[in-house]
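The structure presented is a predicted model; accordingly, all values stated were derived computationally and were not measured. By convention here, the first residue in the shown sequence is residue 1.
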Amino acid sequence: MQFKTAILAFTLAFTANGLPASTAAAADSTFGVIAIRSGSLVQNAGFQAARSSLFVNLASQNASCEDESNYATFYIEDEELHLYTVSGLTQTVFVDRSGMGMGKVGYVNCTTQLGRNSETKGWAVGYGGNLEFQGIGFQACPGSIDGGWSLWLQGVEKPGFNEGCLGVSTNVLTTDEPIGCDYTT
Ligand SMILES: *[C@@H]1O[C@H](CO)[C@@H](O)[C@H](O)[C@H]1NC(C)=O
Ligand SMILES: *[C@@H]1O[C@H](CO)[C@@H](O)[C@H](O)[C@H]1NC(C)=O
(Lines give C-alpha, C1' and ligand atoms only; values in the text may rest on other atoms or scores of the structure.)
(Ligands and ions follow the chains in the order given, each with its own letter.)
Protein backbone atom coordinates (compact mmCIF):
# COMPACT_ATOMS: atom_id res chain seq x y z
CA MET A 1 0.00 0.00 0.00
CA GLN A 2 2.78 2.33 1.01
CA PHE A 3 4.43 1.83 -2.37
CA LYS A 4 1.28 2.46 -4.33
CA THR A 5 0.98 5.73 -2.45
CA ALA A 6 4.54 6.59 -3.39
CA ILE A 7 3.91 5.92 -7.06
CA LEU A 8 0.72 7.90 -6.95
CA ALA A 9 2.42 10.85 -5.30
CA PHE A 10 5.07 10.83 -7.98
CA THR A 11 2.56 10.44 -10.75
CA LEU A 12 0.61 13.42 -9.46
CA ALA A 13 3.70 15.52 -8.92
CA PHE A 14 5.26 14.75 -12.23
CA THR A 15 2.28 14.91 -14.50
CA ALA A 16 0.57 17.92 -12.95
CA ASN A 17 0.74 19.76 -16.27
CA GLY A 18 -1.10 16.93 -17.99
CA LEU A 19 1.93 15.81 -19.95
CA PRO A 20 3.34 12.36 -19.43
CA ALA A 21 6.38 12.32 -17.18
CA SER A 22 9.46 11.78 -19.27
CA THR A 23 12.13 9.39 -18.09
CA ALA A 24 14.97 11.05 -19.98
CA ALA A 25 16.46 13.82 -17.86
CA ALA A 26 17.77 16.59 -20.04
CA ALA A 27 20.60 18.74 -18.73
CA ASP A 28 19.46 21.09 -15.95
CA SER A 29 16.02 19.53 -15.66
CA THR A 30 14.77 18.66 -12.21
CA PHE A 31 13.80 15.13 -11.33
CA GLY A 32 12.84 12.64 -8.65
CA VAL A 33 14.28 9.13 -8.53
CA ILE A 34 12.59 5.82 -7.75
CA ALA A 35 14.26 2.52 -6.90
CA ILE A 36 13.39 -0.49 -9.03
CA ARG A 37 13.77 -3.97 -7.59
CA SER A 38 10.65 -5.96 -8.25
CA GLY A 39 9.34 -8.12 -5.43
CA SER A 40 11.31 -6.19 -2.81
CA LEU A 41 10.31 -3.67 -0.15
CA VAL A 42 12.06 -0.90 -2.06
CA GLN A 43 10.29 -1.40 -5.40
CA ASN A 44 9.14 2.01 -6.66
CA ALA A 45 10.26 3.76 -3.46
CA GLY A 46 11.13 7.42 -4.02
CA PHE A 47 14.59 8.70 -3.06
CA GLN A 48 14.61 10.92 0.02
CA ALA A 49 17.29 13.17 1.50
CA ALA A 50 17.77 13.59 5.25
CA ARG A 51 20.62 13.98 7.72
CA SER A 52 23.23 14.36 4.95
CA SER A 53 22.35 10.96 3.45
CA LEU A 54 19.99 9.48 0.88
CA PHE A 55 17.26 6.99 1.82
CA VAL A 56 14.11 5.25 0.69
CA ASN A 57 11.12 4.26 2.85
CA LEU A 58 11.55 6.95 5.51
CA ALA A 59 8.26 7.92 7.15
CA SER A 60 9.36 11.53 6.82
CA GLN A 61 12.47 13.17 5.44
CA ASN A 62 11.69 16.25 7.60
CA ALA A 63 12.92 18.71 5.00
CA SER A 64 11.80 22.36 4.95
CA CYS A 65 9.80 22.50 1.72
CA GLU A 66 7.85 25.22 -0.06
CA ASP A 67 5.04 22.71 -0.57
CA GLU A 68 4.30 19.28 0.89
CA SER A 69 6.81 16.70 -0.31
CA ASN A 70 8.34 13.59 1.18
CA TYR A 71 10.71 12.96 -1.74
CA ALA A 72 13.89 14.62 -2.87
CA THR A 73 14.18 16.61 -6.08
CA PHE A 74 17.53 16.68 -7.88
CA TYR A 75 19.23 18.23 -10.86
CA ILE A 76 22.53 17.52 -12.59
CA GLU A 77 24.77 20.38 -13.58
CA ASP A 78 28.25 19.90 -14.98
CA GLU A 79 28.15 16.21 -13.94
CA GLU A 80 27.40 17.19 -10.33
CA LEU A 81 24.20 16.05 -8.63
CA HIS A 82 22.47 18.69 -6.52
CA LEU A 83 19.34 18.80 -4.42
CA TYR A 84 16.82 21.38 -5.61
CA THR A 85 16.61 23.79 -2.68
CA VAL A 86 14.42 26.74 -1.74
CA SER A 87 16.78 29.08 0.00
CA GLY A 88 19.58 29.48 -2.49
CA LEU A 89 21.60 26.93 -0.52
CA THR A 90 23.54 24.55 -2.80
CA GLN A 91 23.25 21.03 -1.44
CA THR A 92 25.60 18.79 -3.42
CA VAL A 93 25.64 15.00 -3.43
CA PHE A 94 29.00 13.24 -3.05
CA VAL A 95 30.20 9.66 -3.09
CA ASP A 96 33.10 8.13 -1.18
CA ARG A 97 34.49 5.04 -2.87
CA SER A 98 37.56 4.77 -0.62
CA GLY A 99 38.09 1.75 1.64
CA MET A 100 36.63 3.71 4.53
CA GLY A 101 33.78 5.21 2.53
CA MET A 102 32.63 1.87 1.04
CA GLY A 103 30.46 3.61 -1.53
CA LYS A 104 28.88 6.09 0.83
CA VAL A 105 26.47 8.55 -0.78
CA GLY A 106 25.84 11.78 1.10
CA TYR A 107 25.38 15.50 0.60
CA VAL A 108 26.80 18.73 1.95
CA ASN A 109 25.64 22.35 2.05
CA CYS A 110 28.84 23.61 0.64
CA THR A 111 31.67 21.80 -1.15
CA THR A 112 34.25 23.15 1.32
CA GLN A 113 32.71 20.67 3.79
CA LEU A 114 33.67 17.69 1.62
CA GLY A 115 35.94 14.98 2.98
CA ARG A 116 39.25 14.19 1.31
CA ASN A 117 37.95 11.07 -0.47
CA SER A 118 34.66 12.56 -1.60
CA GLU A 119 33.90 12.84 -5.30
CA THR A 120 31.13 14.92 -6.83
CA LYS A 121 31.72 14.86 -10.61
CA GLY A 122 30.59 11.90 -12.67
CA TRP A 123 26.80 11.79 -12.36
CA ALA A 124 24.69 10.99 -15.39
CA VAL A 125 21.39 9.41 -16.29
CA GLY A 126 22.30 6.21 -18.10
CA TYR A 127 20.45 3.63 -20.12
CA GLY A 128 16.78 3.24 -19.21
CA GLY A 129 16.79 6.26 -16.91
CA ASN A 130 19.23 4.77 -14.42
CA LEU A 131 20.98 7.36 -12.23
CA GLU A 132 24.69 6.49 -12.10
CA PHE A 133 28.00 7.76 -10.82
CA GLN A 134 30.64 6.92 -13.43
CA GLY A 135 28.44 4.07 -14.60
CA ILE A 136 27.82 2.67 -11.10
CA GLY A 137 24.28 2.37 -9.75
CA PHE A 138 22.82 2.13 -6.26
CA GLN A 139 22.12 -0.44 -3.58
CA ALA A 140 19.69 -0.05 -0.68
CA CYS A 141 20.38 -1.35 2.83
CA PRO A 142 17.63 -2.07 5.38
CA GLY A 143 17.62 -1.25 9.08
CA SER A 144 18.56 2.41 8.90
CA ILE A 145 17.00 5.22 10.96
CA ASP A 146 13.20 5.15 11.35
CA GLY A 147 13.02 1.84 9.48
CA GLY A 148 14.31 3.48 6.30
CA TRP A 149 16.80 1.95 3.87
CA SER A 150 20.06 3.81 3.31
CA LEU A 151 21.35 4.25 -0.24
CA TRP A 152 24.95 3.45 -1.24
CA LEU A 153 26.82 2.97 -4.49
CA GLN A 154 27.13 -0.63 -5.64
CA GLY A 155 30.48 -2.40 -5.41
CA VAL A 156 30.89 -3.33 -1.73
CA GLU A 157 28.76 -6.22 -0.46
CA LYS A 158 28.28 -4.83 3.05
CA PRO A 159 28.68 -1.07 2.75
CA GLY A 160 29.00 0.53 6.17
CA PHE A 161 28.82 -3.07 7.47
CA ASN A 162 25.13 -3.17 6.63
CA GLU A 163 23.72 -6.61 5.85
CA GLY A 164 20.99 -7.60 3.44
CA CYS A 165 21.63 -4.81 0.93
CA LEU A 166 19.87 -5.09 -2.42
CA GLY A 167 21.15 -3.75 -5.73
CA VAL A 168 18.53 -1.56 -7.33
CA SER A 169 18.00 0.00 -10.71
CA THR A 170 16.59 3.48 -10.68
CA ASN A 171 14.25 5.49 -12.79
CA VAL A 172 14.51 9.23 -13.13
CA LEU A 173 11.18 11.07 -13.27
CA THR A 174 11.55 14.59 -14.56
CA THR A 175 9.30 17.42 -13.43
CA ASP A 176 8.67 20.93 -14.70
CA GLU A 177 7.21 21.96 -11.36
CA PRO A 178 9.81 20.99 -8.79
CA ILE A 179 9.15 21.51 -5.09
CA GLY A 180 12.13 23.19 -3.48
CA CYS A 181 13.28 21.94 -0.09
CA ASP A 182 16.20 22.53 2.22
CA TYR A 183 17.21 19.09 3.43
CA THR A 184 18.46 18.39 6.94
CA THR A 185 22.17 17.95 7.43
C1 LIG B 1 11.75 13.32 11.56
O2 LIG B 1 11.22 13.94 12.71
C3 LIG B 1 10.64 13.01 13.65
C4 LIG B 1 9.98 13.84 14.73
O5 LIG B 1 10.89 14.72 15.31
C6 LIG B 1 11.73 12.10 14.16
O7 LIG B 1 11.19 11.14 15.05
C8 LIG B 1 12.37 11.35 12.98
O9 LIG B 1 13.44 10.56 13.43
C10 LIG B 1 12.87 12.36 11.95
N11 LIG B 1 13.34 11.63 10.77
C12 LIG B 1 14.49 11.90 10.16
C13 LIG B 1 14.79 11.09 8.95
O14 LIG B 1 15.29 12.74 10.54
C1 LIG C 1 23.10 23.43 6.10
O2 LIG C 1 22.17 24.49 5.88
C3 LIG C 1 21.02 24.44 6.72
C4 LIG C 1 20.06 25.53 6.24
O5 LIG C 1 20.68 26.76 6.18
C6 LIG C 1 21.45 24.61 8.17
O7 LIG C 1 20.32 24.49 9.01
C8 LIG C 1 22.45 23.50 8.51
O9 LIG C 1 22.93 23.67 9.83
C10 LIG C 1 23.61 23.51 7.53
N11 LIG C 1 24.45 22.36 7.81
C12 LIG C 1 25.78 22.41 7.85
C13 LIG C 1 26.46 21.11 8.14
O14 LIG C 1 26.41 23.43 7.66
Side-chain angles (χ1 to χ4, degrees), residues 6 9-10 13-14 16 21-36 45-56 58 60-98 101 103-140 144 148-154 159 168-185:
F10 264 112
F14 291 96
S22 158
T23 53
D28 296 351
S29 66
T30 49
F31 57 86
V33 184
I34 56 170
I36 309 287
F47 277 28
Q48 299 164 304
R51 304 195 198 187
S52 305
S53 297
L54 299 186
F55 298 90
V56 289
L58 283 179
S60 174
Q61 58 181 2
N62 293 341
S64 308
C65 299
E66 59 191 351
D67 205 342
E68 207 168 305
S69 174
N70 197 26
Y71 302 101
T73 305
F74 302 90
Y75 62 97
I76 293 174
E77 190 175 80
D78 204 10
E79 284 186 47
E80 289 192 311
L81 181 65
H82 302 287
L83 291 160
Y84 182 79
T85 60
V86 262
S87 64
L89 191 67
T90 303
Q91 297 192 303
T92 304
V93 178
F94 67 88
V95 299
D96 184 342
R97 298 186 290 173
S98 69
K104 178 170 177 52
V105 181
Y107 61 90
V108 289
N109 278 354
C110 167
T111 49
T112 57
Q113 297 163 342
L114 286 170
R116 192 162 53 96
N117 296 314
S118 299
E119 300 170 87
T120 57
K121 274 199 186 212
W123 291 101
V125 178
Y127 180 74
N130 198 46
L131 179 63
E132 297 169 348
F133 184 83
Q134 294 181 6
I136 305 168
F138 288 88
Q139 56 183 327
S144 195
W149 294 54
S150 56
L151 292 166
W152 301 74
L153 280 189
Q154 289 174 13
V168 296
S169 306
T170 51
N171 211 336
V172 157
L173 305 175
T174 58
T175 175
D176 291 335
E177 294 177 353
I179 297 172
C181 300
D182 288 347
Y183 298 88
T184 59
T185 50

Rounded to the nearest 0.5 Å, how far does [atom2] of [Y] lie from [atom1] of [X]?
{"X": "Thr92", "Y": "Leu114", "atom1": "OG1", "atom2": "CG", "result": "7.5 Å"}
{"X": "Leu81", "Y": "Ile76", "atom1": "CG", "atom2": "CD1", "result": "5.5 Å"}
{"X": "Asn117", "Y": "Asp96", "atom1": "CG", "atom2": "CG", "result": "5.0 Å"}
{"X": "Tyr84", "Y": "Thr175", "atom1": "OH", "atom2": "OG1", "result": "9.5 Å"}
{"X": "Asp67", "Y": "Glu177", "atom1": "CG", "atom2": "CD", "result": "10.5 Å"}
{"X": "Phe94", "Y": "Ser52", "atom1": "CZ", "atom2": "OG", "result": "7.5 Å"}

Locate the shortest heavy-atom distance separating [X] from [Y]; write the atom from each residue and the value.
{"X": "Ser69", "Y": "Cys181", "value": "CB-SG, 4.5 Å"}
{"X": "Arg97", "Y": "Ile136", "value": "NH1-CD1, 3.5 Å"}
{"X": "Val105", "Y": "Leu151", "value": "CB-O, 3.8 Å"}
{"X": "Ile34", "Y": "Gly46", "value": "CG2-CA, 4.0 Å"}
{"X": "Phe31", "Y": "Thr174", "value": "CB-CA, 3.8 Å"}
{"X": "Ser64", "Y": "Val86", "value": "O-CG2, 3.8 Å"}

Of Tyr183, Tyr107, Phe138, which is the lone residue that meets ring pair (Phe, Tyr, Trp, His ring centres under 6.0 Å) with Phe47?
Phe138
Among Val93, Thr30, Leu131, side chain to side chain contact (heavy atoms under 4.5 Å, CB included) partner for Phe74
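That would be Val93; it is the only one of Val93, Thr30, Leu131 passing the side chain to side chain contact (heavy atoms under 4.5 Å, CB included) with Phe74.
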Among Thr170, Val168, Val33, the one residue meeting side chain to side chain contact (heavy atoms under 4.5 Å, CB included) with Asn130:
Thr170
If we only count heavy atoms from C-beta on, is the [X] to [Y] side-chain gap below 4.5 Å?
{"X": "His82", "Y": "Gln91", "result": "no"}
{"X": "Thr112", "Y": "Cys110", "result": "yes"}
{"X": "Ser144", "Y": "Trp149", "result": "no"}
{"X": "Lys121", "Y": "Asp78", "result": "yes"}

Testing the 3.5 Å rule here: is there a donor-acceptor pair between the side chains of [X] and [Y]?
{"X": "Asp182", "Y": "Ser87", "value": "yes"}
{"X": "Ser53", "Y": "Lys104", "value": "yes"}
{"X": "Asn70", "Y": "Gln61", "value": "no"}

Passes side chain to side chain donor-acceptor pair (under 3.5 Å), Glu80 versus Thr120? Steps please.
CA-CA 6 Å; Glu80 289 192 311; Thr120 57; 2.6 Å; yes
Determine whether a donor-acceptor pair (N or O, by modelled atom type, separation under 3.5 Å) exists between the side chain of [X] and the backbone of [Y].
{"X": "Thr184", "Y": "Arg51", "value": "yes"}
{"X": "Gln154", "Y": "Gln139", "value": "no"}
{"X": "Gln48", "Y": "Ala72", "value": "no"}

Worked check of side-chain contact (heavy atoms from CB on, under 4.5 Å) between Asn62 and Ser60
CA-CA 5 Å; Asn62 293 341; Ser60 174; 2.7 Å; yes
Run Glu119 and Gln134 through side-chain contact (heavy atoms from CB on, under 4.5 Å) and show every step you take.
CA-CA 11 Å; Glu119 300 170 87; Gln134 294 181 6; 4.2 Å; yes
Using the rule given for side-chain contact (heavy atoms from CB on, under 4.5 Å), can you reason through Phe55 versus Ser150, listing the C-alpha separation, both sets of side-chain angles and the distance that settles it, and then say yes or no?
CA-CA 4 Å; Phe55 298 90; Ser150 56; 4.2 Å; yes
